[in-house]
Each structure stands twice: as structure tokens, then as C-alpha cells.
Q: 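I have a structure I would like to understand better, so I am pasting it below and will then ask my questions one at a time.
Quick note: residue numbers are just sequence positions, from 1. Source: prediction; values computed, not measured.
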Amino acid sequence: MPEGPSIVLMKEDLDKFVGEKVTAAVGNAKIDKDILVGKTLKEIRLYGKQTYLIFDEINIRIHLLMFGSYEIDEQTKPDKNLRLGLSFKNGKMLFFTCSVKLLPNDFLETIDWEADVMSDQWNPEKVKSKLKSNPEMMVCDALMNQDIFSGVGNIIKNEVLFRIAVQPESLLGHLRAKKINELIKESRNYSFDFLKWKREFTLKKHWKAHHQKNCPKCGNPLTSKITGKSKRRSFYCETDQKLF
């Protein structure tokens, strides 16, 4: 599943269509595509892993899910996977194998934009309050909770926990204030490192824990385990990461 930084890069590719009018709408998404024709794309907003294409009165929410993808201008993937394709005078945006929903713009008012780890509106104090209210939650589940850390995915989860030396099954209520602060700080720091490395095509070279075999600190084999209610795979060092 593409994580927040990858969605930021997608937005950068889509930004050339802002201010342009839709000339055609195709795809097998179960929405009324005809109402989009003739409408002008006013803005693109991100909330973690979700992308909102905002028009007058309505918006389209795109979520790439586990295996979704997009293309700009030229279609190389089969029509059967095309959920939505919007044509503009200056090109096309094409979304494949993803969730597409048509929503009224007042829905945007219900979103907690301050939970997005990559947003200028990111509010670490609000995040801290949410963490404190869930003392029995595993830290791995907290990081994957999009209402708390919107945009964080499995890569960021594993790398952040390695950075702060915490095992994924640690309970939030057992973490000291210093560790909570580190958790919040590094979730944002790593997200922007992710973005930088993704632009440089070097992301995997910087992985310390995610899909790695041995700990880069002690050399011992890393544990690979499905953890938490989110049931996602964690990679961690039982020596250098503490279970709280």
C-alpha cells in the first residue's frame, strides 16, 4: 500500500491539472462519471493515503489501497483495471485497482487534517492526546491507525520503531513521556526522509529493519512477525528494541 510520502509525489504529478476542465471521464468505478465532464478541478488535497480531487460542490476521493497505481497522460495498464480516467486539455490522469468515491465537499469538513504526518497542519499535541487516551493499544497499531498517524504505513512503522528502539507489541500506556515524544517526532521525521529517498530512488537502501534479515546494530537476526490488531508484518530486533 502506498504510504503518505508516495501520495505526496503522486499529487505533484497531478498538480498540472489544477485549474483545467474535465473533457472526458471513463473507467469502471461505480460513480456517476458524466457529472464530472465540464467541471474544473479546483484543488487537490491529501489526507494521509487519501487524495481528494476537488471540484465545485463535489470531490472524488482516491485511495490506492494495497495494489492501486496511477499513470499520467499515457495508459499502459489494461482497461479492466482502470477505475477512473479523467481527460483534460493538457493530458490525462488514470487510476487503477483503487477505491474511487464521489463525495459532497462538506465531507471535507469532517476530516481531522491535523492528523496527517506530512501536512503543515500536523498537530503533535493532538496526537499525544490520542495516544494517552489509548493506553492498552500496541504501539504498532497506533502507528498504523490513520486517525492518529494519517499517512503512516508498514514501512514507516517498522523504521520508526527501530529508530526509537521500541518493540512493536509494546503498549502505549507503558511508554514513558520521552518515548511518546520520540514516537511522534520520528513518525514525521521518517516520513520526510522517506519522501527525500523516494525522490532519489534510494529508499530501500536506507531500510534498517523493514524486510531486513539482520540488525544493523548488533548483527543478530531480526524477528519477522505479524503483530497487533492490524495484522501487519513487523521486523524488529529483540536485542536493540525494548518491549515495554
Q: For the pair K128 and N181, evaluate side chain to side chain donor-acceptor pair (under 3.5 Å) and give the outcome as yes or no after the intermediate values.
A: CA-CA 8 Å; K128 187 182 296 185; N181 290 336; 3.0 Å; yes
Q: Could you check whether any side-chain N or O of K179 sits under 3.5 Å from a backbone N or O of I164, counting only pairs where one atom can act as donor and the other as acceptor?
A: yes
Q: Is there side-chain contact between L183 and L143, with heavy atoms separated by less than 4.5 Å?
A: yes
Q: Between N28 and K80, what is the shortest heavy-atom contact and its length?
A: ND2-O, 3.0 Å
Q: How about CD on E74, more than 12 heavy atoms from neighbouring residues, nucleotides or ligands closer than 6.0 Å, or not?
A: no
Q: Quick one: NZ on K11 to OH on Y70, what's the gap to the nearest 0.5 Å?
A: 12.0 Å
Q: Does N134 reach the main-chain N or O of A142 with its side chain, forming a donor-acceptor pair under 3.5 Å?
A: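 Not a single qualifying donor-acceptor pair exists.
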Q: If only atom types and distance count, is the side chain of N81 paired as donor or acceptor with the main-chain N or O of T97 below 3.5 Å?
A: no
Q: Could you walk me through whether E3 and I155 pass the side chain to side chain contact (heavy atoms under 4.5 Å, CB included) test, one step at a time?
A: CA-CA 8 Å; E3 304 186 28; I155 297 172; 3.1 Å; yes
Q: Check whether V166 and L243 end up in the same hydrophobic cluster, where Ile, Leu, Val, Met, Phe, Trp and Tyr are linked by side-chain heavy atoms less than 4.5 Å apart.
A: no
Q: A quick test of your reading: do over 12 heavy atoms of other residues, nucleotides or ligands sit less than 6.0 Å from NZ of K132?
A: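 No - once you tally the heavy atoms of other residues, nucleotides and ligands closer than 6.0 Å, there are 12 at most.
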Q: Any sub-3.5 Å donor-acceptor pair from N220's side-chain atoms to C215's backbone N or O?
A: no
Q: Identify the residue among L222, L203, N158 that makes a side-chain contact (heavy atoms from CB on, under 4.5 Å) with H210.
A: N158
Q: Could you tell me whether a side-chain N or O of Q241 sits under 3.5 Å from a main-chain N or O of A165, the two making a donor and an acceptor?
A: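 Between the backbone of A165 and the side chain of Q241 there is no qualifying donor-acceptor contact (under 3.5 Å).
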Q: Going from CD on Q50 to CD1 on I111, what distance comes out if it is rounded to the nearest 0.5 angstrom?
A: 6.5 Å
Q: Under the criterion side chain to side chain contact (heavy atoms under 4.5 Å, CB included), I'd like the reasoning laid out for T40 against D56: C-alpha separation, chi angles, the key distance, then a yes or no.
A: CA-CA 7 Å; T40 299; D56 284 330; 5.9 Å; no
Q: Heavy-atom count check: over 12 atoms from other residues, nucleotides or ligands less than 6.0 Å from D120 CG?
A: no
Q: Under 4.5 Å between side-chain heavy atoms, counting indirect links through other Ile/Leu/Val/Met/Phe/Trp/Tyr residues: same cluster for Y52 and M93 or not?
A: no
Q: Apply salt bridge (Lys or Arg N to Asp or Glu O under 4.0 Å) to residues D240 and K208 and explain how you reach the verdict.
A: CA-CA 12 Å; D240 291 298; K208 303 296 185 183; over 6 Å; no
Q: I'd like to know if the side chain of K33 and the backbone of G27 have a donor-acceptor N/O pair within less than 3.5 Å.
A: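 Side chain of K33 to backbone of G27, a donor-acceptor pair under 3.5 Å: yes, one is there.
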Q: If you compare all heavy atoms of Q146 against all heavy atoms of G151, which two are closest, and at what distance to 0.1 Å?
A: OE1-N, 2.8 Å
Q: Given L64 and M10, is the side chain to side chain contact (heavy atoms under 4.5 Å, CB included) satisfied, shown in steps?
A: CA-CA 11 Å; L64 295 183; M10 182 178 78; 4.1 Å; yes
Q: Are L53 and L108 joined in one hydrophobic group, where the rule is that I, L, V, M, F, W and Y side chains link up if heavy atoms are under 4.5 Å apart?
A: no
Q: Looking at every non-hydrogen atom in both residues, tell me the closest pair between L171 and E136 and how far apart they are.
A: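 For L171 versus E136, the nearest heavy atoms are CD2-O, 3.5 Å.
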Q: So which atom in S6 and which in F194 form the shortest heavy-atom distance, rounded to 0.1 Å?
A: OG-CE2, 3.8 Å
Q: Of all heavy-atom pairs between F17 and G91, which one has the smallest distance, and what is that distance?
A: CE2-C, 3.5 Å
Q: To the nearest 0.5 angstrom, please state how far the CZ atom of F107 sits from the CZ atom of R61.
A: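 Answer for the CZ-CZ pair, F107 versus R61, is 5.0 Å.
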Q: Please identify which of these residues, R232, Q167, K157, M144, meets the side-chain contact (heavy atoms from CB on, under 4.5 Å) condition with T227.
A: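 Of all the options given, the one that passes is K157.
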Q: For the residue pair T239 and C218, what are the closest heavy atoms and their distance?
A: CB-SG, 4.2 Å
Q: Using 0.5 Å steps for rounding, measure from the CD atom of E182 to the CG atom of N189.
A: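 Going from the CD atom of E182 to the CG atom of N189 covers 11.0 Å.
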Q: What's the spacing between K101 NZ and I62 CD1 if we round to 0.5 Å?
A: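 Atom-to-atom, K101:NZ and I62:CD1 are 12.0 Å apart.
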Q: Please check if the side chain of E186 supplies one atom and the backbone of R163 the other of a donor-acceptor pair under 3.5 Å.
A: no
Q: So V152 and Y190, do their side chains get closer than 4.5 Å, heavy atoms only?
A: no
Q: Donor-acceptor check, side chain of E57 to backbone of N105, threshold 3.5 angstrom: yes or no?
A: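 A pair under 3.5 Å: no.
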Q: Between N59 and P104 (side chain of the first, backbone of the second, donor and acceptor by atom type, cut-off under 3.5 Å), is there such a pair?
A: yes
Q: Examine V26 and F88 and state if one hydrophobic cluster contains both, with Ile, Leu, Val, Met, Phe, Trp and Tyr joined whenever side-chain heavy atoms are less than 4.5 Å apart.
A: no
Q: Should I180 and I156 be regarded as members of a common hydrophobic cluster, given that ILVMFWY residues are connected when their side-chain heavy atoms come within less than 4.5 Å of each other, either directly or indirectly?
A: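 Same cluster.
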Q: I want to check something: taking the side chain as every heavy atom from C-beta on, are K77 and S69 in contact at a cut-off of under 4.5 Å?
A: yes
Q: Can you find a heavy atom in the side chain of I184 that is under 4.5 Å from one in the side chain of L131?
A: yes
Q: Can Q75 and F96 be said to form a side chain to side chain contact (heavy atoms under 4.5 Å, CB included), step by step?
A: CA-CA 10 Å; Q75 181 178 340; F96 303 88; 3.9 Å; yes
Q: Show the numbers, then the answer: is there a salt bridge (Lys or Arg N to Asp or Glu O under 4.0 Å) between E12 and R199?
A: CA-CA 11 Å; E12 292 176 358; R199 284 198 175 106; 2.3 Å; yes
Q: Determine whether more than 12 heavy atoms belonging to other residues, nucleotides or ligands lie under 6.0 Å from atom NZ of K204.
A: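 No.
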Q: For the residue pair D147 and D112, establish whether any side-chain heavy-atom pair is separated by less than 4.5 Å.
A: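 A side-chain contact is absent here, since even the closest heavy-atom pair is not under 4.5 Å.
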Q: Under 3.5 Å, is there a donor-acceptor pair between the side chain of T23 and the main chain of S87?
A: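 The answer is yes, because a donor-acceptor pair under 3.5 Å joins these two groups.
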Q: If I take atom CG from residue L102 and atom CG from residue L36, how far apart are they, to the nearest 0.5 angstrom?
A: 6.0 Å
Q: Is any side-chain heavy atom of R176 closer than 4.5 Å to a side-chain heavy atom of F244?
A: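 They are not in contact (no side-chain heavy atoms under 4.5 Å apart), so the answer is no.
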Q: Please assess R45 against D116 for the test salt bridge (Lys or Arg N to Asp or Glu O under 4.0 Å), listing each intermediate value before the final yes or no.
A: CA-CA 11 Å; R45 295 191 71 178; D116 187 334; over 6 Å; no
Q: I'd like to check Q212 versus F235 (side-chain heavy atoms, cut-off strictly below 4.5 Å). Are they in contact?
A: no
Q: For the pair W113 and Y47, name the ring-plane relationship: parallel under 30°, tilted 30 to 60°, perpendicular over 60°.
A: perpendicular
Q: Determine whether M118 and L46 make a side-chain contact, defined as any pair of heavy atoms from C-beta on separated by less than 4.5 Å.
A: no
